[in-house]
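Quick one: this structure, given as structure tokens, is what I'll be asking you about.
The sequence lines fix the lettering, A, B, ..., with proteins before strands; numbering per chain opens at 1. All values reported here derive from a predicted model rather than from experimental measurement.
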There are 2 protein chains.
Amino acid sequence: MDAQKPDDDTPPHITSATLTDVARAAGVSPITVSRALNQPQLVRPGTLARIQAAVRATGYARNAAMAGPRTAAQGATKLVALILPTVANPIFADMVQAASDKLTERGYQLLLGLAGYELWREEILVETVLSRRPDGIILTGTLHSDNTRKHLRDAHIPVVETWDMTASPIDMLVGFSHEEVGHTVAARMLEKGYRRFAILTAADPRAARRNQGLQAALARQGVSVAATDVVPVPASLRLGREGCARLLAAHPDIELIVCSSDTLAQGALTEAASRGLPVPGQLAIMGFGDLNFAAHTFPPLSSVRVDGNAIGALAAQAMLRRLLPEPGAPAARKVIDTGFELIERGST
Amino acid sequence: MDAQKPDDDTPPHITSATLTDVARAAGVSPITVSRALNQPQLVRPGTLARIQAAVRATGYARNAAMAGPRTAAQGATKLVALILPTVANPIFADMVQAASDKLTERGYQLLLGLAGYELWREEILVETVLSRRPDGIILTGTLHSDNTRKHLRDAHIPVVETWDMTASPIDMLVGFSHEEVGHTVAARMLEKGYRRFAILTAADPRAARRNQGLQAALARQGVSVAATDVVPVPASLRLGREGCARLLAAHPDIELIVCSSDTLAQGALTEAASRGLPVPGQLAIMGFGDLNFAAHTFPPLSSVRVDGNAIGALAAQAMLRRLLPEPGAPAARKVIDTGFELIERGST
DNA sequence: CTGTTAGCGCCTTCAG
DNA sequence: CTGAAGGCGCTAACAG
């Protein structure tokens, strides 16, 4: 609508230059420019030079979207989508980092979708994301709406679910069993003599499954959880500290607080330290995640180690094995149980 | 390569269904399907229903890429690119989270590029990312290669640089001055009587600028930094702890360690605590970032507070003001200095 | 080596 | 309300 003052060299287009613009500027046909860009060895050096000059003069940038679906192998967009609840939790941030590194290395770009912890958000996110035709998609968890599952199946692309374990994955799966985490923690802590358990947890469905596992295993030994404090996502040190304070106020006799993340546990630890409560002597605290974190707090924190980096890397690798199948290499495994590890530090 | 057992309803295509496939299935022309999807009110309910059935039967999913450049307003891709060094640093993770929230809310999707701390990585990343024709791009820092700058200008899209301050931004800018952070820390710490300074820093160009600011301001008062320990990126609690140990070993008399991130500071704190060194009595430790972090460590950590969430949110808002200009609303500000705040806790 | 033709999937314009 | 043309930017296929 407004007047276009023509600059000297750069065209005043609001829209950026196209292949045809470059061709015109170089005095060749569009296809020649295309070749100069993609298969320079098929173009005479002289022409090539003129085209390269024209490219710079026009400020041309390739438009990957318009390359069409039949380009390269299988019309690849070189895009991989990664859907996860949040990136504020360092365990997920680690996963993004690892996945991004592996994928970028192979020329893929990352479409990131942060879905929060609500299913309907995931649903619309997956749908919009799929409309970009990513070559693959990595999801968090195994609980998806029916619509999401249908969209994923209809997309005919590799799907990797992560951070969980199920008997019926959509396609591939990289994760571990949260119930089992609960069982293991229960068994070990009972073995060490703890009886008065408290749970400090974020409102996260997978944390809930760990807590269920914990409570179920405890119940089998006739032990019940003395108190549970639920804090909203995203977890923070502040919430951990406050939650710990609440638990101690209501139940001064609890012996062990099982937290749904290291962030919460670290906050709880701070509260204990500020009260002069010996940890783990008087009050034991167990975290979850252990991003190289618990080993470097003081006093040391016990935790369930699960490696976000590893899950991200393995998920990306599984994806890449499908996307870029190498001749001799083995096919991608459908399911990888990354497991977890109980880390006990200090004398907890 | 393997045989395709034709299912009853879903076609065995490797490629997903197109508009034309749906049209065929519904017995209408492609354009009618297009309308049914985009302007349902222009299609008779009966036809609409048949088309919707066909959509589900064929498993059709919209292909946003092929919508062409002249669709919607200005051929928007509804994609915003976010380029940053890493997401392993929680300060950047916060930024991603905040930016993603704001952008998703307005129907934009996030193309994430993790460039590390090397310029050449940023350059190729920016170029590939621009080939997706994002509607806007958010960058970290103000130091870019000449090629990157040219590509950004040629893209004719809103650009927001973040996490830094300069007199000549490419377009918009949301950040603060790192030199000034150094000056402020120096001034305050001198004022409190500290003289034997040590620096524990990651190999990050912006941290380097803060350190230069610190050293310059100290030098003006005739004070020089006793020791500097540089650790590789990404920073970790472990590196912080080890760095602190090295500094103390080489210079037992240092009074204050200025760290380039809270992560390092927290690690240093752990080392001090494990040695029984009173903090800040015997050794003061200063962090950077303060993601609601320092307030909840024990002993409390002093830090320079810069809010990743705020920077992400403001950057996204600046972007959106350009992308979705509202009639009455004021235009996007070119430069936003988010500033920083010295947080002193305990008796540091 | 370079140009012509044709078509990707979708949508705009203009006719029915 | 529905359809037939035409074109977006790019690239395979075939000609020269």
Subject >> Separation of B/Leu139 CG from B/Ile83 CD1 (nearest 0.5 Å) >> reply: 6.5 Å
Subject >> Base C/dG3 paired with A/Arg35 side chain (donor-acceptor, <3.5 Å) >> reply: yes
Original post:
Nearest-Å distance, CZ (A/Arg132) to P (C/dG9)?
Top reply: 18 Å
Original post:
Taking the side chain of A/Arg62 as heavy atoms from C-beta outward, which of C/dC1, D/dG3, D/dT11 is closest to it?
Top reply: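 Ranking C/dC1, D/dG3, D/dT11 by closest atom to the A/Arg62 side chain puts D/dT11 first.
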Original post:
So, are B/Arg153 and B/Asp171 salt-bridged, with charged N and O less than 4.0 Å apart?
Top reply: no
Subject >> B/Arg106 and B/Glu326 ion-paired at < 4.0 Å >> reply: yes
Original post:
To the nearest angstrom, how far is B/Ile31 atom CD1 from C/dG9 atom P?
Top reply: 16 Å
Subject >> Atom-pair distance (CG on A/Leu42; C1' on D/dA12), nearest Å >> reply: 13 Å
**OP:** Provide, to the nearest angstrom, the distance between the CG atom belonging to A/Asn38 and the P atom belonging to D/dA12.
**Re:**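 Rounded to the whole Å, the gap is 8 Å.
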**OP:** Look at the side-chain N and O atoms of B/Thr47 and state whether any lies under 4.0 Å from the OP1 or OP2 oxygen of D/dT2.
**Re:**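 Answer yes for this pair, as a side-chain N or O of B/Thr47 is under 4.0 Å from OP1 or OP2.
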**OP:** Check whether any side-chain N or O of A/Thr18 sits under 4.0 Å from OP1 or OP2 of D/dG9, and answer yes or no.
**Re:** no
**OP:** Report yes if at least one side-chain N or O of A/Ser34 is closer than 4.0 Å to OP1 or OP2 of D/dC10; otherwise report no.
**Re:** no
**OP:** Determine: side-chain N/O of B/Thr20 to OP1/OP2 of C/dG9, distance under 4.0 Å, yes or no.
**Re:** no
Original post:
When you measure from the side chain of B/Ser29, which nucleotide among C/dT2, D/dA4, D/dT11 comes out closest?
Top reply: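 Within the option list, the nearest is D/dA4.
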Original post:
Any salt bridge between B/Lys150 and B/Asp154, counting N to O under 4.0 Å?
Top reply: yes
Original post:
Rounding to a whole Å, what distance do you find between A/Met66:CE and C/dG9:P?
Top reply: 12 Å
Subject >> Atom pair distance, as rounded to whole Å: CD in A/Gln41 and P in C/dT2 >> reply: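 Going from CD in A/Gln41 over to P in C/dT2 covers 13 Å.
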Subject >> Separation of C/dC11 P from B/Leu37 CG (nearest whole Å) >> reply: 8 Å
Original post:
Tell me: CZ of A/Arg133 to C1' of C/dC10, nearest whole Å?
Top reply: 11 Å
Original post:
Between D/dC1, D/dG3, D/dT11, which nucleotide gets closest to the side-chain atoms of B/Val28?
Top reply: D/dG3
Original post:
Does some side-chain heavy atom of B/Ile336 sit less than 4.5 Å from a side-chain heavy atom of B/Leu173?
Top reply: no
